[in-house]
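Being a predicted model, the structure only gives us computed values, none of them experimental.
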Amino acid sequence: RKIIYYPIGKIIRYLEIKSLKKAKCITFPSDWMKKKVEEVIQIQSTKKVVIPNGINIDEWDFKKGKNVFRNTTESEINIVYAGTLIKRKGINELIEAIKILRNKGYCINLYLIGRQSSYSKKILKKDKELNEKWLNVIEPLERRILNQYYIQADISCFPSWFETVGIVSLEAMASKSIVLASKNSGMKEIIKDGYNGFLVEPKDIMGLANKLEEIIKIDKNIKQEIKEQARVTIEQTIANNVVIKQYIELCRKIKDIKG
């Protein structure tokens, strides 16, 4: 496989860089991504514009339906992660952070939703052998069901090591979920910590545990305000109708320049 695919990967990268250098304009989903690309590819003459990835907010409502979690009590806290279960998504740090909180007396259930990898199977095997009933691994779900997990979760947590933006974080915010995302991503341009969500440093288990505990302790009325602001943020800056207008305006400007 390496003999076959490695040269193809180099060819694709070469063509990508060549295309970028010839482009009249390059769009990036976040300023974070723009800076990362500029670190490795020097493109001086091309116009660079940041336009966020849009989502269809009509597919992510905030009406609570039938309970999606197993039988839980009022004192139990449900934390949701959605995405591929790979190392750089920070799933091990999330599991270990929750273990710290459970040892402190918090009754937390974790729901990892997504396609497994050889890495996740390896790290989860130990916990399964210990019969950790609080740790739930769920195969990828239909959008309408995932929507309910976001709506009903106490926290939707995405502690990636790095992320262009994180569509799952945006979808969770649209669902009026309390979102905790990585600072090493484009989400730091969307989330104002404590206002419409929360941010955490990646690869920091204790920092993640402390942030989760901080969120858990917040008054429920303040949590509701954060949820409302999360939805407003998505409606005003990330919804497809907003993003489409930005692309149309950009195309008009490029056309005027060529004309």
Side-chain angles (χ1 to χ4, degrees), residues 60 62 64-65 67-70 72-83 85 89-114 132-138 141 145-161 163 165-185 187-188 190-231 233-234:
W60 302 95
F62 40 86
K64 187 175 181 180
N67 184 30
V68 293
F69 300 118
R70 58 183 175 77
T72 56
T73 64
E74 285 291 324
S75 63
E76 291 184 78
I77 300 157
N78 295 310
I79 297 178
V80 166
Y81 161 91
L85 305 182
K89 295 292 186 177
I91 58 171
N92 185 58
E93 288 87 344
L94 180 54
I95 291 169
E96 294 304 314
I98 288 176
K99 286 179 182 178
I100 291 172
L101 294 178
R102 286 185 63 85
N103 286 335
K104 292 177 73 171
Y106 290 98
C107 189
I108 300 176
N109 302 308
L110 175 61
Y111 293 82
L112 300 174
I113 303 170
E132 300 285 19
K133 293 182 180 180
W134 56 269
L135 180 55
N136 307 273
V137 181
I138 302 171
L141 297 170
I145 301 175
L146 180 58
N147 185 200
Q148 284 299 315
Y149 273 88
Y150 290 149
I151 293 169
Q152 298 178 36
D154 293 285
I155 303 170
S156 293
C157 187
F158 310 101
S160 300
W161 293 2
E163 199 76 63
V165 173
I167 293 295
V168 287
S169 297
L170 303 178
E171 293 168 345
M173 289 177 72
S175 307
K176 289 190 180 181
S177 187
I178 296 283
V179 171
L180 175 56
S182 170
K183 286 185 179 179
N184 193 27
S185 72
M187 288 307 297
K188 66 181 181 180
I190 297 168
I191 290 179
K192 295 179 182 178
D193 195 73
Y195 174 71
N196 57 359
F198 296 87
L199 296 167
V200 67
E201 292 289 350
K203 301 183 182 182
D204 182 355
I205 294 171
M206 186 54 68
L208 179 56
N210 290 339
K211 198 69 176 181
L212 287 168
E213 185 174 26
E214 175 190 327
I215 297 169
I216 290 167
K217 288 181 175 180
I218 293 173
D219 178 79
K220 66 177 182 179
N221 292 324
I222 296 175
K223 285 180 181 178
Q224 188 57 43
E225 290 176 13
I226 293 170
K227 291 178 180 182
E228 297 294 337
Q229 290 302 328
R231 175 71 185 193
T233 298
I234 299 302

>> Quick one, F69 with Y149, criterion ring pair (Phe, Tyr, Trp, His ring centres under 6.0 Å). Give me CA distance, side-chain angles, the key distance, then yes/no.
In response: CA-CA 8 Å; F69 300 118; Y149 273 88; 5.4 Å; yes
Would a 4.5 Å heavy-atom cut-off, applied to side chains only, mark [X] and [Y] as touching?
X: K211; Y: E201; answer: no
X: F158; Y: M187; answer: no
X: Y150; Y: V168; answer: yes
X: I191; Y: M173; answer: yes

Taking all atoms of both residues into account, what is the closest heavy-atom pair of [X] and [Y], and its distance?
X: G197; Y: I226; result: N-CG2, 3.6 Å
X: I218; Y: K223; result: O-CE, 3.2 Å
X: D219; Y: N221; result: OD2-N, 2.9 Å

State the [atom1]-[atom2] distance between [X] and [Y], to the nearest 0.5 angstrom.
X: K220; Y: D154; atom1: NZ; atom2: CG; value: 12.5 Å
X: S175; Y: K64; atom1: OG; atom2: NZ; value: 14.0 Å
X: N147; Y: W60; atom1: CG; atom2: CH2; value: 6.0 Å
X: S169; Y: L199; atom1: OG; atom2: CG; value: 9.5 Å
X: L180; Y: D193; atom1: CG; atom2: CG; value: 8.5 Å
X: N67; Y: Q148; atom1: CG; atom2: CD; value: 9.5 Å

Indicate yes or no for a side-chain donor-acceptor contact from [X] to the backbone of [Y] under 3.5 Å, with no hydrogens or angles considered.
X: E96; Y: E93; answer: no
X: S177; Y: A172; answer: no
X: N136; Y: W134; answer: yes
X: N184; Y: W161; answer: yes
X: N196; Y: I190; answer: yes

>> I'd like to check the salt bridge (charged side-chain N to carboxylate O under 4.0 Å, His left out) partners of E228; sequence neighbours left out, ordered by chain and number.
In response: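 Salt bridge (charged side-chain N to carboxylate O under 4.0 Å, His left out) list for E228, sorted by chain: K176.
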> Hey, mind stepping through Q152 and N78 against side chain to side chain donor-acceptor pair (under 3.5 Å) and telling me if it holds?
Replying inline: CA-CA 8 Å; Q152 298 178 36; N78 295 310; over 6 Å; no
> Taking only residues two or more places apart in sequence or in another chain, which ones pass side-chain contact (heavy atoms from CB on, under 4.5 Å) with L94?
Replying inline: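 Expected list: Y81, I98, L110, L112, C157, P159, L208, L212.
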>> Can you list everything that forms a side-chain contact (heavy atoms from CB on, under 4.5 Å) with Y106? Sequence neighbours excluded, please.
In response: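 For Y106, the residues satisfying side-chain contact (heavy atoms from CB on, under 4.5 Å) (neighbours in sequence not counted) are I77, L101, K104, I108, E213, I216, K217.
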